[in-house]
Structure formats: structure tokens, C-alpha cells
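Encoded as C-alpha cells, the structure appears first; notes follow it.
Counting convention: from 1, in listed order, for ligands and their atoms alike. These figures come from a predicted structure and were not determined experimentally.
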Amino acid sequence: MPDVIAYGGDWNPEQWPEETWEQDVALMREAGVNRVSVGIFSWSLLEPAEGVFDFGWFDRVMDLLATNGIKANLATPTAAPPPWFGDAYPEALPVDADGRRLTHGSRQGFCPSSPIYREKALRIAEQLATRYRDHEALALWHVHNEYGCHNARCFCDTSAAAFRAWLRSHYASLDALNDAWGTAFWSQRYSDWAQILPPRATPTFPNPGQQLDFRRFSSDALIELYTAERDLLRKIAPGVPATTNLMAGAHWDMDCWAFAAEMDVVSTDHYLIGARAEPHIDLAFAADYARSLNGGRPWLLMEHSTSAVNWQPRNRAKAPGELRRNSLTHLARGADGIMYFQWRASRAGAEKWHSAMLPHAGTNTKIWREVTALGAELARLADVAGSTVSADVAILIDHSSVWAQDHPAQPSVDMDPVEEAKRWHAALWRAGVTCDLAHPEGDLTGYRLVLVPALYLVSDAGAANLARFVERGGVALVGPYSGIVDEYDRVRLGGYPGAWRDLLGVSVEEFFPLDGPIALASGASGTAWSEVAHAAGAKVLDTYATGEPAWTRNEWGDGFAHYLTTRLDDDGLAEVIAAVVAEAGVEPVAAAPAGVEVVRRSHADGRSYLFAVNHTGEDAVVIPPGGDPVTVAAGDVHVIYA
Ligand code: GAL
């Protein structure tokens, strides 16, 4: 990672006449830009016809960057095959679940399992890498762009064959597959591998095991495309790190844990969702996720927006100061690079209404002033680069569980595992407690408290991991409808939640989804969900009017395992989370009023930076532990050095 904070955005000079480029680079310098991502969507210009390459213009782009001391995240342009590709190889275009073959004309027009796509993608990547491997401007390979953003699952015959090959490598026999998928139900038993299809349109609910394995296969297919490019780049340019921009926290089609494990440095994109009441808390979730995916090391924010995006129903422009708060929050949560989509707002094309660092209106604008001010500020904060964020709390999250719960035949449509994880994260955010995200089978030894908001599916190893964590003195809080099925989406029998019945000291005999709120003895309120549960060793801390348990606590080894049988409303959840935070001995980062976000980054040598982000319209006083009170003006961000 750089010893400065990387600052910049996607630069797409090919959208502009060459006369503009010098001006672009001069303005980049004015804005403090030291890094741009180039070449992301350049395939049709770099290879205008199959096998015909034109790198002349791109040489000039790279040279211009080098001359001006700006480094490049050099992209392989494989996210957008040119029209000639779809024209020559229509069989390589993606097919949806209804059997519709899509056409070129936007981007990501390829089937992830297509051998011809892979061949052509590797060829352009090889040309690019061979040409620029020693270029002074090259800092990082930006492989592809947002794998699976639009074509995460392809249902064509090529994908079907690849799916079958994947299944054969995962199951010892067809019998094992039939058993895992429960194909005795609805007469789905396969007598030949060749009968197995992707879960294409079918009269009613598809087989859950088939659906889940297809999601796993599809994620693996994309990761394999990444590793194929990465390995080629490594061979040609050993020592140049590679990444691809994930959409951590926003898109759940790729297994981010598995993907991140293949990267030299994790990078991700994040966009505010205008419809959310407090989108900056969602931002914090995404940033915490990215940091956790990179094992706590500094990561790279590859894209966010200076103001509005163009793909939501109403694309709200950012308020004055919001850009700075957003960017510095990513920095506070461990990013060593702050980048945007894109450098110069497009004049034409599908994203011409998307904000950029340099807006249509030019430099006499709020955006430009904020962009240049932030560039100067990040230069002053260079010392932060390389420091890390530490957390005593982890939230467990797993893509397989999200995918399994995505099957349509569930007890209630109101149990959204991603939103629930975000809601629990938001409760910690409001309590000023920093947390990581962790894979259920990941290393939990450094944490005091582990939250399991919604983990419907957990493997045996994941189940044992949590029990071990508690046994060794940790505190866990498990949410309802967690630990229900095994890794094949088969119910764990004998009373829910089968994975953690002993750990929690509770046995559930039936789910009882709700239409409205339900009052608990404590005065708190449950929503959407309740369970007919029996304490089997656990102490009951709150109940329904029937006297049945709503919140329980079980002693297990040296620790405690709490369980909620309902989805508490925000206030009730905040109280329970405050209780387990206290029980685990976890402290907030600093004393701060509501709406003020406080996060600390530290170097191993003790230098540390307390970021205080005031999201409110009032001045606020933050009291760092053992430090003097600091006033953070309304909407301002303060970095307190220690
Ligand atoms: C990202 C993508 C960019 C641009 C941006 C718009 O998903 O990587 O190329 O489309 O969204 O918000």
C-alpha cells in the first residue's frame, strides 16, 4: 500500500478529444490527485477488431500520467467486451433464468463460464500487461470491474455443463448429491449427472439445494475468471499487486470472503442509497466489511461518488460537506485510498447523469471546491496511511447463508438477513462501538463479543467455532432463525436452532411469524417473528405475555451465550446490545453525542488518530478517553492526534 493516501478516480480519457487530456492532468494536480484507474472500459478501443490492437493512444495516457507523477490502477478492460465479441460469439453472451439470451450494447455481456470469453479476456490482458509491465505509472492491476455486477448468474448450456462439472468435483457421487439436495421430495431424484440443470424457470419453487449450489458455483466461476487474469498478470509482471473492486455490503452474488482471499489488496466500491434514512451508517458497514475482508489491513476504496448517482429512482445530490464526511469516514475505517467514479463527468453514455470529481459545470462549483479541499486534506493526513482499526466485536456474515435464505419458500418474507445484520451493526454504530465482520469459520480469538444477527445456515465447523469462542470466555448474542440448517440447507433436527441448541440452552419447537408488533414483559417490542421456545438450561431474561422466552442467557464454559427468539425493534435491540457490550467489557471509542461517529486508527508505534464525524446539524462535544473535550462543529470532521 502507498505511504500516501491514494486519491483520485476512474479516468476515462477515451471519452474525450485528446486536447482535453493535458487539461485533465493539470486539474488532477490542482486537486491533489495522485492515483487514477485507467482502461476499465477501453476494450473496444484497445482491440477495435478481433486480434487488431491499438495501444498508441493508451501509451500517451500512461506517459502523461508518469510525467505528472500520477500513478495508475491499470485495468484489464475485460468487464466490457466490444460489440465484435458478441457478434462473432453469440453463444458466449449471457442467458437469464427464462432462457433469454442477452445482447451486447451495455456492459458485462458475457457468460462467466464461456471458454471463448476467457480466451479473449486473457489475450487482451496479456497484451496490456506485456506492454505496460515496466511502465513508471503502473502501481496496481485493477482486474476487470465489479465482477458479477450484471451477469453474476448465467443459465446457458455452457454454464449448465460447467455447473455439472463443479457438482462432480464437490460431491463424491450422484447419491451424495441426491441426499444433499433432498431430491426424494417432489420426485426430483437424478439418475444421471446429465439431467442436472441450472435452476432455470420452472413451474414453482426450485430445489433449494440446487439453487444454493448454483449460487456457489456462479460465485466460484467469477472468482476463477479473476484468478486466471491475476495469475497471468503475476507471471508477466511479478511484484505488481492485483485487486478487483468488490461491491462489499451492496451486492451479495459473489462470496466476498472467498474473493478477498485471492487479492493482494482488497478494494471495494460504495454508493449511498438515497432511500435509506441514515445512508452514512450503511457506508460504515461497507467500510467495516472491506477492512475485515482484508484481514484488518488497510484497503482501497476504489469508487464512491462526489454527489448524485444515476441509477436510483431519485438521485439526490450530496449536501455541502457530505462528500468530505463520506470520504473521511472510509479513511477512518481503514481505507488507504479514496477514489471516485469518475474523474470527469461524461457528456454522453448511460452514466452522463452520474456525478464526478470534475462536474459538467466545471471548476466554479461546490463539487470541485470540495474535491480540491479534500485532496489537500488527505495530503496533510498522509501519516494515517498504514495505520489500522481494531475492534473487540465481530458480526458474523456468510454469503452461503444469505443465498440459502433467499430461497422463496421461507416462513416469513420479513426476515431479511442482510438488513438484519446492518441493523445490528447500526446499533453498535449508535453505541460508538467499532466492529469487524467475520466469517462464521473465521478466527474469533481476538474478539470479546460476537453477534450473530441472522445466520440461517451454518456449517458444523462454523457452529463449533462459535461454541469454542464462548467456551473460552467470549460473549455471543444470537438472533432468531439462526443455526437452523446445515451447509446443504437441510434442517438440523431435534428442536431449533439445531446448530446451537446446547450452546444457547434453548430449544425451539415452532416458529411463529408475526403480522405486527408483540409486547414483551420488559416493555420492549418484538416485530415480524417469534418462536415457541423452551429454556433448557438458559436463564430467561425477557418473555412474551405467554411467559415463553424472548431473550435468554446461557453460561457456557467461561462465557455466555444470549439468544433472542424475536426480532426486537430498534430500541429493544439497542438495549440488549448495550447489555452484551457491557457484559463483554467492550468500551465505546469515545464519549460522543448521538449522530457523531467516532473511530480510531492506530500505528503499531502508538501514533493514533481519532476521527470524529459529526453527522448532525449541531456542534457536538467529543471526549476522547483520558483526553480533553473537543468541539466538532455541525457537519464537520475532526481528526484528533494522539
Ligand atoms: C459502479 C461501476 C462504475 C459505475 C458506477 C456508477 O458499479 O463500477 O463503472 O457504473 O457504478 O455508480
Taking the six-membered ring for Trp and the single ring otherwise, decide whether the centroids of Phe163 and Phe214 are under 6.0 Å apart. yes

Under 4.0 Å between a Lys/Arg side-chain N and an Asp/Glu carboxylate O for [X] and [Y]?
X      : Y      : result
Arg216 : Asp255 : no
Arg324 : Glu377 : yes
Glu322 : Lys366 : no

Within the 4.0 Å heavy-atom cut-off, what Gln342 brings close to ligand 1 is neither

Side-chain donor/acceptor of Asp288 to backbone N/O of Leu437, under 3.5 Å: no

Sub-4.0 Å atoms of ligand 1 with respect to non-hydrogen atoms of [X]:
X      : value
Asn145 : 2 (C), 8 (O), 9 (O)
Trp311 : 6 (C), 12 (O)
Phe41  : 9 (O)

Which residue and heavy atom of the protein sit nearest [atom], plus the separation:
atom                    : value
atom 7 (O) of ligand 1  : Glu146 OE1, 2.3 Å
atom 1 (C) of ligand 1  : Glu303 OE1, 3.0 Å
atom 10 (O) of ligand 1 : Glu351 OE2, 2.4 Å
atom 6 (C) of ligand 1  : His354 NE2, 3.1 Å

Would you say ligand 1 has an N or O under 3.5 Å from any N or O of Asp10?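 No - when backbone and side-chain N and O of Asp10 are compared with those of ligand 1, no distance drops under 3.5 Å.
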
Partner of His142 under side-chain contact (heavy atoms from CB on, under 4.5 Å), picked from Asn245, Val38, Thr76, is Asn245

Would you list the pairs meeting ring-ring contact (aromatic ring centres under 6.0 Å, His included) in which at least one residue belongs to residues 222-241, sequence neighbours left out?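 Pairs touching residues 222-241 that pass the test: Tyr226-Phe259.
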
Please determine whether any non-hydrogen atom of Arg107 lies less than 4.0 Å from an atom of ligand 1. yes

